[in-house]
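Taking it in order: structure first as C-alpha cells, then the write-up.
Proteins get letters first, then strands, A, B, ... in listed order; numbering begins at 1 in each.
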Amino acid sequence: MKKIMNDPSQIVTEMVQGLVRSYPDQLKQIPGTEAVIKIADLKQRPQVGIVSGGGSGHEPTHAGFVGDGMLTAAVCGQVFTSPTPDQIYEAIQAADAGRGVFLIIKNYSGDVMNFEMAKDMAAMDNIDVRSIVVDDDIAVENSTYTQGRRGVAGTIFVHKILGAYARQGADIEAIEALAQQVTPNIKTIGVALSGATVPEVGQPGFELAPDEIEYGVGIHGEPGYRREKLQDSRHLAVELVNKLKKAHHMTAGEHFAVIVNGLGATPLMEQYVFMNDVLDLLAAENVEVDFTKVGNYMTSLDMAGVSLTIMKLIEPGWLAKLEEPVTTIAW
Amino acid sequence: MKKIMNDPSQIVTEMVQGLVRSYPDQLKQIPGTEAVIKIADLKQRPQVGIVSGGGSGHEPTHAGFVGDGMLTAAVCGQVFTSPTPDQIYEAIQAADAGRGVFLIIKNYSGDVMNFEMAKDMAAMDNIDVRSIVVDDDIAVENSTYTQGRRGVAGTIFVHKILGAYARQGADIEAIEALAQQVTPNIKTIGVALSGATVPEVGQPGFELAPDEIEYGVGIHGEPGYRREKLQDSRHLAVELVNKLKKAHHMTAGEHFAVIVNGLGATPLMEQYVFMNDVLDLLAAENVEVDFTKVGNYMTSLDMAGVSLTIMKLIEPGWLAKLEEPVTTIAW
Amino acid sequence: MLTVENTLKWLELFNAKIQAEKDYLSELDTPIGDGDHGNNMSRGLLAVHEALTTQSATDVPSILKTTAMMLISKVGGASGPLYGTAFLEMAKLSSTTLEVAPLLAAGLAGIQKRGHAQVGEKTLIDVWTPVIQAVEADMLDGATIETAVMATKDMQATKGRASYVGERSIGHIDPGAASSGYLFTTMLMAGVVS
Amino acid sequence: MLTVENTLKWLELFNAKIQAEKDYLSELDTPIGDGDHGNNMSRGLLAVHEALTTQSATDVPSILKTTAMMLISKVGGASGPLYGTAFLEMAKLSSTTLEVAPLLAAGLAGIQKRGHAQVGEKTLIDVWTPVIQAVEADMLDGATIETAVMATKDMQATKGRASYVGERSIGHIDPGAASSGYLFTTMLMAGVVS
Ligand SMILES: Nc1ncnc2c1ncn2[C@@H]1O[C@H](COP(=O)(O)OP(=O)(O)O)[C@@H](O)[C@H]1O
Ligand SMILES: Nc1ncnc2c1ncn2[C@@H]1O[C@H](COP(=O)(O)OP(=O)(O)O)[C@@H](O)[C@H]1O
Ligand SMILES: [Mg+2]
Ligand SMILES: [Mg+2]
Ligand SMILES: [Mg+2]
Ligand SMILES: [Mg+2]
C-alpha cells in the first residue's frame with residue numbers, strides 16, 4: 001500500500017483538519033467532532049438545516065458539499081464506516097436554526113442505525129428532525145432479498161436539490177415531501193477497474209486481473225454483479241446505460257440529468273471519453289439531457305472506475321435547482 | 001494498461017467532445033480544432049483574450065479553467081504533446097476581441113516553439129499577441145544547464161490572476177507587466193508514488209517499487225531528482241517545504257498562497273492530510289498563508305502523488321484576484 | 001449472575017480476544033462486506049477498556065452503560081449501534097435483575113429493534129438467539145457457541161452489507177456472528193454463567 | 001539534386017521507416033524524455049503521406065511545403081516545429097536551387113533559429129550538422145549517419161526535455177537524432193544525393 005499519510009488510525013482526524021484549514025472562510029469544524037459546518041451565520045437567515053454524512057473515503061463527499069445552497073453540515077465517519085450517533089447529534093444541534101433539520105442518509109444498515117439513534121437524541125431536544133434514505137444503486141436487488149439498494153453518487157443530486165429549496169426558505173414538511181419525490185428518480189450503477197485500499201487494512205478489498213473489470217461494485221468495495229474482460233468505453237457505456245434505461249423505463253422525450261463520477265484513481269480524460277459515449281447512447285434514445293456533470297464526486301479511495309447516475313427530471317423546477325450557484329468546495 | 005477509452009489515437013478528440021457536450025453552457029469547441037473557448041460573447045465586453053494550452057493528460061488543466069475571469073480559450077494537444085501552431089492560431093483569432101491576446105505558455109521546448117509559431121502567424125493578422133513562459137518547477141536546474149525550469153501546477157495561479165485583471169479591463173501592456181511580476185513568485189515541486197501511462201504507449205513512463213517514491217518528477221513523467229523509500233506524509237512535507245522555502249528565501253511575516261495538487265490517482269483524503277502537514281510547517285516559519293487550495297488541478301494522467309505550489313504574495317491586490325469568483329469548471 | 005468483578009473480567013477478556021482476532025474479523029468481513037469489522041470492534045473495545053480502567057465503576061448498571069456509550073460513540077458502522085444498543089438495554093434492565101438470561105434477552109431485543117433482522121438472516125442474531133436459549137436451559141458451553149457461529153456459514157445473508165452479494169454470501173462465516181461468538185466464550189471464561 | 005520523383009520516393013521511404021521504428025523511437029524517448037517521439041513522428045509522416053498521395057504535387061517546392069505544413073500541423077511537441085521549420089525553409093529555397101547541400105543547410109538554419117540549440121547539446125542538430133558537411137564533401141554514406149546518431153549517446157543534453165535529467169541523459173541515444181538518422185538514410189536510398 002502506497003499512501004501519503006501518517007498514522008492510519010488518525011487519517012480522518014488529520015484529513016478533517018487539513019480540510020478546514022484549507023477552506024477557513026467556508027468551513028469550520030464542530031468542536032469535539034469530525035463534523036464540519038458552513039461558516040455563514042445560520043441565525044441570520046434561518047433555514048431548514050440539511051445534514052448528511054457517512055463513512056470517509058468518498059471525498060469530496062460529504063464535506064465538499066457543505067456551503068450556501070447545499071449542505072449545512074456534514075459528519076465524517078471513520079474510513080468506510082458510518083459516523084457515530086453522538087457526532088451526528090452534534091451536527092444536528094449545530095445545524096438547527098429553529099426550523100428543523102433534514103438528514104440525508106445513504107442506505108447502509110450502519111448509516112441508517114447511527115443516524116436514527118442521533119435523531120432519537122435530537123428529538124429529546126425538541127428539534128424537528130426528518131430524514132430520507134437514498135438508495136440509488138441499482139446494481140443490487142431491492143429490499144426483498146437485501147438490506148435494500150445502496151446510496152451512492154446520486155446522493156449529491158439530493159444534496160443539491162434539497163439544499164437549494166432549503167436556502168429558498170422551504171419548510172421541513174416541504175423538504176421532506178420533496179425528498180420523497182426526488183429520490184426514487186435517481187439511479188446509479190458503477191464499474192470498477194481496481195479495488196480500493198482502506199488505510200488501516202493495507203490491502204485492496206478485492207483484486208482484479210490486469211484485463212478484468214467488475215460491474216456493480218459498491219463504493220466500499222462491495223462485490224458487484226459480474227466480472228469480465230476489459231471492454232472499450234463504448235461497451236461499458238452500453239452496459240451501464242442499458243441497465244439504467246430499464247430501471248427508469250426510459251421513453252423518448254423525457255428529461256434527464258447525468259453524472260459521470262470518477263471513483264478515485266480514474267483520470268478526468270477517461271471520464272470525459274466515457275461521458276461522450278453515454279451522451280451518444282442517450283441521444284439515440286431521443287431523450288433530453290438537460291444537465292451534465294463529470295468528475296470525482298463520490299469516490300471510493302483509490303479505486304479506479306466510474307459510476308453513471310441518471311436522474312429523471314419529472315418536475316421542471318428541479319433543473320433550475322441543479323443549476324443554481326452554490327459556494328461549496330466541490331459541486 | 002487499464003483505461004476507459006476507445007481508440008487511443010482518438011482519445012483527445014473524444015475527450016474534447018465529451019467535455020464540451022458536458023458543459024454546453026460554458027464551453028464550445030472552436031470549429032476544426034481541439035481548442036475550446038468560453039461561450040460568453042466576447043464582443044459584448046471586449047477584454048484582452050487570455051489563451052493557454054499544452055499537451056493533454058493534465059485535466060482539468062487547461063480547458064477546465066476557461067470561463068469568465070480566467071482563460072478565454074484553451075488549446076488541447078495530443079497526450080503530453082504540445083498543440084500545433086495552427087490550432088493555437090485559431091484559438092488566438094477566436095479569443096481576440098480587438099484588445100490583443102496574451103498567451104500563457106508552460107516552459108517546454110515544444111510548447112514554446114509551437115506557441116511562438118502561432119504568434120508569428122497571428123502577427124500577420126495584426127493581432128497584438130504577447131506571452132509569458134511559466135517555469136515554476138524548481139526540481140530542475142535553471143537554464144544554464146537545461147531547457148530551463150518546467151511549467152507545472154503553479155501555472156493556474158497565472159491563469160487566475162491574469163484572467164481576473166483581464167476581466168477588469170486591464171490592457172495588454174498591463175497584463176504583460178503583471179505576468180512578468182507574478183511568474184517569478186510561483187514555485188512548485190512534486191513527488192510521485194507511481195508513473196503515468198500514456199494511452200498510446202500502454203506502459204508507465206517509469207516504474208517505482210511498491211515502497212519507493214520519487215521526488216521532483218515532471219508532469220509528463222520526466223524523471224525526478226531522488227528516489228527513496230516511501231516516507232510518511234510529514235516527511236514528504238518537510239522535503240518539499242524545505243526546497244520551496246529555500247527557493248523563496250522565505251522569511252517570517254511574508255504572505256503566501258498554497259496549492260496541494262493531486263497528480264491524478266491520489267485520493268483527496270491523502271491530499272488533505274498532506275496539506276495539514278504543510279500548514280504545520282509553514283506555521284512554524286511564522287509566515288501568513290492567505291490562500292489555500294487542495295485538489296486535482298494539474299494532473300499527469302493516472303500518476304499517483306502530489307505537487308506543492310507556493311506563491312509569494314508580494315502585491316496586496318493579488319489575493320483579492322485569487323479569491324474572485326469565476327465561472328470555470330475546475331477552479 | 002453478573003457481579004462487578006465478573007462483568008469487568010468479562011469485558012477485559014472480550015477486549016483482549018477482539019484485539020487478538022482483529023485481523024481475522026476484518027478478513028471475514030472482506031469477501032461479503034467491507035473489511036472493517038475487526039477495526040471497528042477493536043476501536044470500540046479499546047475505548048471500553050480505557051473508560052472502565054479510568055472510571056473504576058462500582059456497580060453493574062454503570063459498567064454496562066459505560067460499555068454501551070463507548071461502543072455507540074466509537075464504533076460506528078453497523079456493529080456500533082447493534083452492540084451499543086444491546087449493552088444499553090442490558091444496562092437498563094440490570095438495575096432490576098442481574099440474571100444473565102433476561103439481560104441477554106433484553107440485549108437481543110435491542111438488537112432486533114435497531115436492525116430489524118430475524119433469525120436466519122446471517123447476522124449476529126444467529127449467535128445471540130441459540131446462546132440465550134442455552135443459557136436459559138443452563139446448558140451453555142463452548143461447543144454451542146462454536147456451532148452457532150459456524151452455522152452462519154451456510155446461510156444466505158438478507159440483512160447488512162453481506163446481503164448485497166446475494167447467494168455468494170453462502171460459504172462465509174458472518175463477521176458479526178464471529179465477534180459475538182467471542183463475546184460469549186469470554187463470558188463463559190469470566191464465570192458469569194455458573 | 002532533388003526531383004519530384006526522388007523527393008516523393010524519399011518521403012515515402014522515410015514514412016515507411018518511421019512507421020516501422022515508431023515503438024523504438026518512443027522507447028528511446030522514455031528514459032530521457034516523455035516517450036512520445038515515435039508517436040509524434042508517426043502521426044506526422046502519416047499525414048504527409050496522405051497529403052502527398054491525394055494532392056499529386058508536380059513541383060519540388062510544393063512537395064516540401066506540403067510536407068512542412070503537415071508536420072507543423074500534425075506533430076506538435078518539439079519535433080513538429082523543428083522538422084516543420086526545416087522543411088519550410090527547404091521549400092522556400094527550393095524555388096531557387098534544388099541542390100541538396102544548400103537545401104539541407106537552410107533546413108538546419110531553420111531548426112537552429114527555432115530551437116536555439118547548438119552542436120553538442122544532444123539533439124537532432126548533432127546529426128544534421130555532420131550529414132550536411134558530408135554532403136558538401138560529396139562523401140555521405142550510411143556509416144557517417146550511423147556514427148552521428150551513435151555519437152549522441154555519450155553527450156549530456158542541455159536542450160529539450162532530456163536536459164531535465166542532467167548527467168543521467170548520458171548513455172542514451174537522442175530520439176530526435178535517431179529519427180533524423182532515418183531521414184538521411186532514406187534520402188540516400190531514394191538516390192537524392194548522387
Ligand atoms: N440489520 C442488522 N441486524 C443485525 N445484525 C446486522 C445487521 N446489519 C449488519 N449486522 C451485523 O453487523 C456485522 C457487520 O459489522 P461491521 O462490519 O462492523 O459494520 P458495516 O457493515 O457497517 O461495515 C455483520 O456481520 C452482521 O452480523
Ligand atoms: N531546442 C531544441 N533544438 C533542437 N532539437 C530539439 C530541441 N528540443 C528538443 N529537440 C529534439 O526533439 C526531440 C524530442 O522530440 P519529441 O519527443 O517529439 O518532442 P517532446 O520533447 O516535446 O516530447 C529530442 O530528441 C531532440 O532531438
Ligand atoms: Mg463499514
Ligand atoms: Mg512530448
Ligand atoms: Mg464491515
Ligand atoms: Mg518526447
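- Residue with the most contacts toward chain A among B/Asp302, B/Leu279, B/Val294: B/Leu279 (heavy-atom pairs, distance under 4.5 Å).
- For A/Ala209, the part sitting under 4.5 Å from any heavy atom of chain B is the backbone (N, CA, C, O) and nothing else.
- Side-chain atoms of A/Tyr297 and A/Phe65, non-hydrogen and from C-beta on, do get closer than 4.5 Å to each other.
- The aromatic ring centroids of B/Phe291 and B/His255 lie 6.0 Å or more from each other.
- Note: A/Glu270 leads A/Met15, A/Glu212, A/Glu270 in heavy-atom pairs under 4.5 Å with chain B.
- Side-chain contact annotation: A/Thr13 with A/Glu34, donor-acceptor N/O pair under 3.5 Å present.
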Carefully, step by step, assess B/His159 and B/His62 under the rule side chain to side chain donor-acceptor pair (under 3.5 Å). CA-CA 9 Å; B/His159 295 167; B/His62 303 80; 5.2 Å; no
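- Listed here is the closest heavy atom pair of B/Leu301 and B/Thr197: CD1-O, 3.3 Å.
- Applying a 4.5 Å heavy-atom cutoff, the residues of residues 228-238 of chain B that approach chain A are B/Leu230, B/Asp232, B/Ser233, B/Arg234, B/Leu236.
- Residues B/Val306 and B/Asn261 form no side-chain contact, since every pair of their non-hydrogen atoms from C-beta on lies 4.5 Å or further apart.
- Proximity to chain A is absent for every atom of B/Pro325, based on heavy atoms less than 4.5 angstrom apart.
- Residue contact with chain A, scored on non-hydrogen atoms closer than 4.5 Å, is absent for B/Ser300.
- For chain A, the option among B/Gly264, B/Pro210, B/Ala304, B/Ser194 with the highest count of heavy-atom pairs below 4.5 Å is B/Pro210.
- Comparing B/Tyr23, B/Phe274, B/Tyr272 by heavy-atom pairs within less than 4.5 Å of chain A, the highest count is held by B/Tyr272.
- With respect to the salt-bridge test (charged N to carboxylate O, under 4.0 angstrom), the residues A/Arg21 and B/Asp280 qualify.
- Heavy atoms closer than 4.5 Å to chain A are found in the backbone of B/Asp211, but not in its side chain.
- In this structure, the side chains of A/Asp277 and A/Leu281 stay at 4.5 Å or more apart for every pair of heavy atoms.
- Contact count versus chain B (heavy atoms, under 4.5 Å) is highest, among A/Glu14, A/Glu59, A/Met269, for A/Met269.
- For chain B, the option among A/Gly295, A/Ser22, A/Pro267 with the highest count of heavy-atom pairs below 4.5 Å is A/Ser22.
- Considering only heavy-atom pairs separated by less than 4.5 Å from chain A, the leading option among B/Met275, B/Lys293, B/Gln17 is B/Gln17.
- Between the CD atom in A/Glu239 and the CD1 atom in A/Ile213 there is a gap of 8.0 Å [rounded to 0.5 Å].
- Taking every heavy atom of both residues into account, B/Asn296 and B/Thr266 meet most closely at OD1-O, 4.1 Å.
- In this structure, the portion of B/Val79 lying under 4.5 Å from any heavy atom of chain A is its side chain and not its backbone.
- Considering all non-hydrogen atoms of both residues, A/Val241 and A/Val278 come closest at CG2-CG1, 4.1 Å.
- For the pair A/Leu313 and A/Asp290, the minimum side-chain heavy-atom distance is below 4.5 Å.
- Contact annotation for A/Gln271: neither backbone nor side-chain heavy atoms come within less than 4.5 Å of a heavy atom of chain B.
- The two residues A/Thr299 and A/Gly262 have their closest heavy-atom pair at CG2-O, 3.6 Å.
- For the atom pair CG of A/Asp68 and CD1 of A/Ile39, the computed distance is 13.0 Å after rounding to the nearest 0.5 Å.
- To the nearest 0.5 Å, atom OG of residue B/Ser307 and atom CD1 of residue B/Ile189 are 10.0 Å apart.
- Interface residues of residues 1-11 of chain B toward chain A, defined by a heavy-atom distance below 4.5 Å and sorted by number: B/Met1, B/Lys2, B/Lys3, B/Ile4, B/Met5, B/Asn6, B/Ile11.
- Within the model, atoms NZ of A/Lys28 and CG of A/Leu19 stand 14.0 Å from one another, a figure rounded to the nearest 0.5 Å.
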